[in-house]
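Heads up, the thing below is written out as structure tokens.
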Amino acid sequence: MITYDHKKIEKKWQKKWGDSGIYKTADNSNKPKTFVLDMFPYPSGEGLHVGHPRGYIATDIYSRHCRMQGKNVLHPMGWDAFGLPAENYALKNKVHPRKAVEKNIANFKSQLSKIGFDYDWSREINTTDPEYYKWTQWIFLQLFKKGLAYQSNEPINWCPSCMTGLANEDLDGDLCERCGTKVEKKALPQWVLKITAYADRMLDDLSLLNWPEHIKEAQRNWIGRSEGAEIEFEVSQTNLTIKVFTTRPDTLFGATYMVLAPEHALVREFLSKIQNKNEVLRYIEVSREKSDIERNAEGKEKTGVELKGIKAINPANKKEIPVFIADYVLGGYGTGAIMAVPAHDERDREFAKKFDLPVKDEPFVDGKKITEQVGGRMTTMYKLKDWVFSRQRYWGEPIPIIHCPKDGAVAVPEKDLPVLLPDVEAYEPSGTGESPLANIPEWVNTTCPTCGGPAKRETNTMPQWAGSSWYYLRFMDPHNAEALVSKEHEKYWDPVDVYVGGDHAVRHLIYARFWHKFLYDIGAVSVPEPFARLEFLGFILAEDGRKMSKRYGNIINPDDVVAQYGADTFRLYEMFIGPFENTTAWNTNAIVGTARFVERVWRLHEKVVDEQVLALDSTVEQTVKKVSEDIEAFKFNTAVSQMMICLNAFEKEGRVGRMQWEKFLQILAPFAPHIADELWEDLGHTESIHVSVWPLADVSKLVSATATIAVQINGKVRGRVEIATNASETEALAAARANPAVALWLAKGKELKALYVPGRIISFVLG
RNA sequence: GCCGGGAUGAUGGAAUGGUAGACAUACAGGACUUAAAAUCCUGAGAGGAAUUAAACCCUCGUGAGAGUUCGAGUCUCUCUCCCGGCACCA
């Protein structure tokens with residue numbers, strides 16, 4: 001009984017690959033390029049669980065296969081290491097987040113190295129490295145210079161007890177997760193990026209992308225373009241108007257009242273005329289204090305207050321209609337005001353019912369025409385909002401802006417980048433809502449680059465999304481000190497050919513597309529979209545069907561699986577577990593299936609004979625063909641089962657020809673790189689199997705002279721006949737009629753129709 | 001509520017409109033073994049008829065119902081349930 005010693009052999013090959021540098025990527029190559037990219041991980045303290053490597057294994061297989069096909073492959077790895085978890089860890093343990101990040105990265109790398117990936121580690125990047133975030137800051141400056149970064153008072157979640165701003169993840173309902181205090185909204189001056197300027201292009205260019213349709217659809221919904229009309233309603237006895245946006249101007253006659261968002265600016269101007277002023281002010285106050293969650297938690301129950309004394313005029317029929325404020329109308333969408341058509345709109349109807357307002361079912365009119373008649377205009381609205389880009393936090397890229405009392409917000413000169421993140425004594429937010437950086441006067445106080453007078457640095461930092469919005473570009477040229485990526489390298493590598501990951505269907509992919517399009521506009525990149533093809537990845541759940549989490553204690557560490565079964569078995573299992581995009585539960589029992597497969601491959605190398613085993617030819621060629629196609633299509637589960645079918649055939653035959661065996665090892669190599677290289681070496685090869693040439697399927701061996709064709713009578717299979725592959729319909733039908741079982745059935749009725757679909761089916765219809 | 005994706009044996013799953021359940025797990029029986037593990041062989045959708053026994057044979061079967069088709073897991077319509085995302089977007 002020969003047992004495969006995965007520990008020894010996997011260690012041997014991991015060392016050999018590292019020493020020989022076969023996975024190092026050349027920048028100047030005549031070969032066609034392939035850029036294969038994983039969504040790079042956030043190096044958390046929990047380490048990797050078995051769900052993380054699934055995507056990395058897929059890209060590893062894909063990139064190894066490309067390399068063997070003669071492509072110049074870029075398959076890099078790096079770390080998205082700024083952000084809240086590292087900062088919280090630092091707060092709790094009183095260590096610098098950099099230290100925590102370093103430790104976590106070391107752990108992640110150790111975990112990854114055991115799985116045998118082909119990453120070119122000389123291109124490793126880390127978003128918290130000043131050499132990296134220098135360019136994140138540089139991109140911000142370009143946005144600022146083009147007027148796409150602006151300051152605005154934006155509300156944040158504010159915990160009055162902790163005196164700190166909170167991210168949505170830090171909330172427990174509308175309470176602070178840490179102390180249980182009710183969270184308020186507080187407006188702070190923040191940097192905002194004008195992503196809405198790119199809404200149309202991001203929508204239109206989805207057609208250029210080879211992405212799963214459901215991801216494109218999610219992006220369309222996120223951008224949320226809708227066509228409609230802007231119409232102004234006069235307010236009686238004033239010279240003011242209320243502007244609304246509606247997608248249904250054709251229902252204008254049915255508008256029986258209007259609603260403003262409580263935060264709408266016009267309400268202030270109406271105040272002197274409002275008879276129930278106190279009631280209105282109270283409602284505004286209450287809805288201002290409500291968190292978004294609270295506003296939604298109330299479900300469909302509508303609230304609101306009429307502005308008594310204010311009447312608007314429906315421009316279609318000149319009738320006076322009442323005006324309300326209600327929080328079901330959002331300040332941030334459209335004009336923050338609506339014309340309510342209770343006959344047509346569900347929400348308006350509910351509100352009308354509650355406030356006993358008339359519901360008028362007026363006939364529809366021509367929307368374009370009516371818009372013109374009442375002096376409105378057709379326009380386009382988006383759900384997409386500009387990107388609030390400031391965080392009142394320590395562990396992020398400093399925003400490279402200097403505030404001068406004379407010159408206002410001034411860009412830090414590019415030669416002074418990076419603006420280094422200084423060390424601080426305490427990572428707690430300042431208590432005023434500002435970031436901890438505000439507590440370091442020697443860092444904050446500086447001079448204005450324009451006038452040289454005293455000025456202060458911006459103390460907000462960037463969100464975690466920033467560093468991941470352009471990292472794929474840095475992989476093309478990771479050590480460039482002069483530019484974020486050189487023109488030459490960018491031209492060669494851009495775009496990413498295959499991008500693989502899960503989870504971030506919308507946010508990350510929208511932000512990265514936005515930045516890429518901006519960089520395209522300023523000439524920093526040469527293609528309009530960053531990710532030509534996207535493959536979306538399903539989660540691996542724990543055996544209990546829940547998400548793997550420390551909380552449930554159901555995390556499975558890849559280290560343990562690799563130690564017990566070996567990396568090759570682990571890799572094969574993660575691919576065999578189900579379709580790549582499916583979410584599936586881990587099953588410790590089932591992994592023995594691929595472990596047995598690896599063992600059987602190992603044992604079979606004793607059965608290799610010099611001569612070709614003709615009986616195996618068609619299976620081998622079929623397997624080469626199927627596995628090649630399946631890798632290209634990310635159907636790794638069926639690729640693995642085809643290799644199992646092939647191995648079963650070898651075993652049944654009791655031997656395998658050397659050439660057949662070589663082909664089998666080569667297609668196995670991307671999946672199980674260690675054992676494949678070991679057995680390849682065993683055949684006398686001196687070069688690694690991973691730089692050998694991918695086999696082409698010999699299709700001629702797939703076509704046999706005869707084939708078994710099923711015979712259907714009235715849609716049911718009643719027999720099978722062996723006929724020549726190139727048989728005519730007449731010959732096929734004759735062969736079928738000659739079959740005794742078929743003849744018996746045909747005798748039972750009157751034949752109405754007979755047909756032969758070549759190579760597929762013979763079909764008779766009886767009456 | 002809206003949008004997206006699903007539903008196939010005990011389980012994960014396979015199947016360009018053409019022999020449903022490949023491949024694998026679990027299970028049962030057998031071989032090997034003092035024994036167990038490992039390994040190998042065999043079986044298996046449900047039901048029925050028949051037989052010494054087996055092959056062979058028949059009916060039903062891919063969430064439910066209708067439709068298109070010579071033929072539907074696959075296409076169309078209606079419905080049920082599950083998962084994911086967004087949630088009052090005018």
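Throughout, a chain's letter reflects where its sequence line sits, starting with A, and its residues are numbered from 1.
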>> I need the minimum non-hydrogen distance between A:A732 and A:I723, along with the two atoms involved.
In response: CB-CD1, 3.9 Å
> For B:G29, does the O4'-C1'-N9-C4 (purine) or O4'-C1'-N1-C2 (pyrimidine) torsion place it in syn, i.e. within 90° of 0, or in anti?
Replying inline: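 Anti.
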Would [X] and [Y] count as a cation-pi pair here, with the cationic atom under 6.0 angstrom from the ring centre and within 45° of the axis?
X      : Y      : answer
A:R248 : A:F364 : yes
A:R347 : A:Y328 : no
A:K302 : A:F351 : no
A:R513 : A:W211 : yes

[atom1]-based separation of [M] from [N] [nearest Å]:
N     : M     : atom1 : answer
B:A90 : B:A15 : P     : 40 Å
B:G21 : B:A35 : P     : 39 Å
B:C75 : B:G18 : P     : 11 Å
B:A28 : B:U19 : P     : 33 Å
B:A14 : B:U25 : C1'   : 15 Å
B:G73 : B:G17 : C1'   : 11 Å
B:A7  : B:U74 : C1'   : 14 Å
B:U69 : B:C56 : C1'   : 31 Å

Hey, does [X] reach any base, or is it just sugar-phosphate, or nothing, if we go heavy atoms under 4.0 Å?
X      : result
A:S763 : base
A:N221 : sugar-phosphate
A:R718 : sugar-phosphate
A:N648 : sugar-phosphate
A:V717 : sugar-phosphate
A:R225 : nothing
A:W745 : sugar-phosphate

> Taking for each residue the nucleotide of RNA chain B with the nearest heavy atom, is it A:F245 or A:I709 whose nucleotide lies nearer the 5' end?
Replying inline: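 Its nearest nucleotide being more 5', the pick is A:I709.
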>> I want to confirm an ordering. Mapping A:I591 and A:F539 to their closest nucleotides on RNA chain B, which one lands closer to the 5' end?
In response: A:I591
Choose from [options] the nucleotide whose nearest atom is closest to any side-chain atom of [X].
X      : options             : result
A:A710 : B:C40, B:U19, B:A22 : B:U19
A:I761 : B:A22, B:A24, B:U19 : B:U19
A:D327 : B:A90, B:U25, B:C88 : B:C88
A:M644 : B:C70, B:C23, B:U39 : B:C23
A:S226 : B:C88, B:A15, B:A90 : B:A90
A:R600 : B:A90, B:A24, B:C70 : B:A24

Between [atom2] of [N] and [atom1] of [X], the distance in whole Å:
X      : N     : atom1 : atom2 : result
A:H214 : B:C86 : NE2   : P     : 13 Å
A:R220 : B:C3  : CZ    : P     : 14 Å
A:W222 : B:C3  : CH2   : C1'   : 14 Å
A:R546 : B:C83 : CZ    : C1'   : 17 Å
A:F536 : B:G6  : CZ    : P     : 14 Å
A:K607 : B:U39 : NZ    : C1'   : 12 Å
A:L384 : B:A87 : CG    : P     : 13 Å
A:R347 : B:A90 : CZ    : C1'   : 5 Å

Watson-Crick or G-U wobble partner for [N], using a 3.5 Å limit on both distances?
N     : value
B:C2  : B:G85
B:C32 : none
B:A54 : none
B:C27 : B:G43
B:A15 : none
B:A38 : none

Respond yes when some side-chain nitrogen or oxygen of [X] is under 4.0 Å from OP1 or OP2 of [N], and no when none is.
X      : N     : value
A:W602 : B:U39 : no
A:Y333 : B:A90 : yes
A:R596 : B:U39 : yes

> Are A:E621 and A:K663 close enough for a salt bridge, meaning some N to O gap below 4.0 Å?
Replying inline: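 Result for this pair is yes, salt bridge flagged.
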> Is a salt bridge present between A:E751 and A:R737, judged by a nitrogen-to-oxygen distance below 4.0 Å?
Replying inline: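 Here A:E751 pairs with A:R737 in a salt bridge, since their nearest N and O are under 4.0 Å apart.
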> Quick check: does any side chain N or O of A:T256 sit under 3.5 Å from a backbone N or O of A:P358, one acting as donor and the other as acceptor?
Replying inline: yes
> Just checking, any donor-acceptor pair under 3.5 angstrom between side chains of A:T241 and A:E234?
Replying inline: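 No - no donor-acceptor pair under 3.5 Å links their side chains.
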Distances under 3.5 Å between nitrogen or oxygen atoms of protein and nucleotides 9-13 of chain B:
| residue | atom | partner | partner atom | Å |
| --- | --- | --- | --- | --- |
| B:G12 | O2' | A:I577 | O | 2.5 |

>> Taking atom types as they are modelled, would you say the side chain of A:E217 forms a donor-acceptor pair with the base of B:G4 within the 3.5 Å cutoff?
In response: no
> With A:E632, which residues qualify under salt bridge (charged side-chain N to carboxylate O under 4.0 Å, His left out), at least two apart?
Replying inline: A:R533
> Between A:T623 and A:I645, does a side chain to side chain contact (heavy atoms under 4.5 Å, CB included) hold up when you go through it step by step?
Replying inline: CA-CA 8 Å; A:T623 302; A:I645 289 168; 5.9 Å; no
